[in-house]
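First the structure, in the form of structure tokens, and then the observations on it.
Heavy-atom basis, side chains included; hydrogens, waters and symmetry copies ignored. Counting starts at 1 for both ligands and their atoms, following the listed order.
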Amino acid sequence: MRIGIGYDVHRLEEGKKLVIGGVEVPFDKGLKGHSDGDVLIHALIDAILGAAGLGDIGEHFPDTDPAYKGIDSKLLLKKTMELVVSRYNISNVDCVIVAEKPRLSPYKGKIKTSLAQLMGIGEDRINIKAKTEEGLGFTGKEEGIKAYAVVLLEERVLT
Ligand code: MG
């Protein structure tokens with residue numbers, strides 16, 4: 001078994017779509033980023049790479065590379081899975097999204113389904129939590145959204 005942790009932050013700005021875990025969430029602001037700013041998928045990618053001992057998202061998909069400008073983070077998650085799937089099974093994934101607004105609780109089910117499909121695993125292996133920050137800090141002041149993810153990988157037994 002190998003465990004990995006991931007964390008990411010993106011700034012909220014007007015005139016962008018808000019995409020979290022591959023799910024579009026109706027809101028008057030979205031997340032700024034070189035890619036589509038999907039903060040949850042970025043944290044999850046770092047957790048997967050960390051568990052596999054493969055570095056981090058910036059090494060695999062550098063934000064200096066024009067190839068990744070505006071890219072759909074769902075594709076990055078699929079590419080990340082391709083890096084680990086021959087050697088590991090995903091045992092389980094646990095995530096926390098921290099956002100004062102919008103309230104993300106109603107979207108937890110959709111986000112779980114989205115991630116399960118992208119990762120090719122059962123929804124029972126994924127847990128999503130949505131928290132507010134009680135008005136404190138940059139998340140509490142609605143300047144940004146952050147996400148944490150933990151992934152447990154199980155090495156495949158070769159027969
Ligand atoms: Mg990011």
List the atom pairs, donor and acceptor, that lie under 3.5 Å between side-chain atoms in residues 103-113 and the rest of the protein, sequence neighbours left out.
{"unit_1": "Thr113", "atom_1": "OG1", "unit_2": "Gly109", "atom_2": "O", "d": "3.0"}
{"unit_1": "Thr113", "atom_1": "OG1", "unit_2": "Glu123", "atom_2": "OE2", "d": "3.0"}

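- Looking at Ser91, its side chain never comes within 3.5 Å of a backbone N or O of Glu154 through a donor-acceptor pair.
- Judged by distance alone, the side chains of Asp63 and His34 never bring a donor and an acceptor atom under 3.5 Å apart.
- Shown here is Lys129, whose NZ atom has more than 12 heavy atoms of other residues, nucleotides or ligands within 6.0 Å.
- Aromatic ring pairs are classed by plane angle as parallel below 30°, tilted from 30° to 60° and perpendicular above 60°; the pair Tyr7 and Tyr148 is tilted.
- Although no hydrogens or angles enter the test, the distance criterion places no donor-acceptor pair under 3.5 Å between the side chain of Arg2 and the main chain of Leu153.
- Protein atoms of type N/O/S that fall under 2.8 Å from the Mg ion (ligand 1) number 3 in this view.
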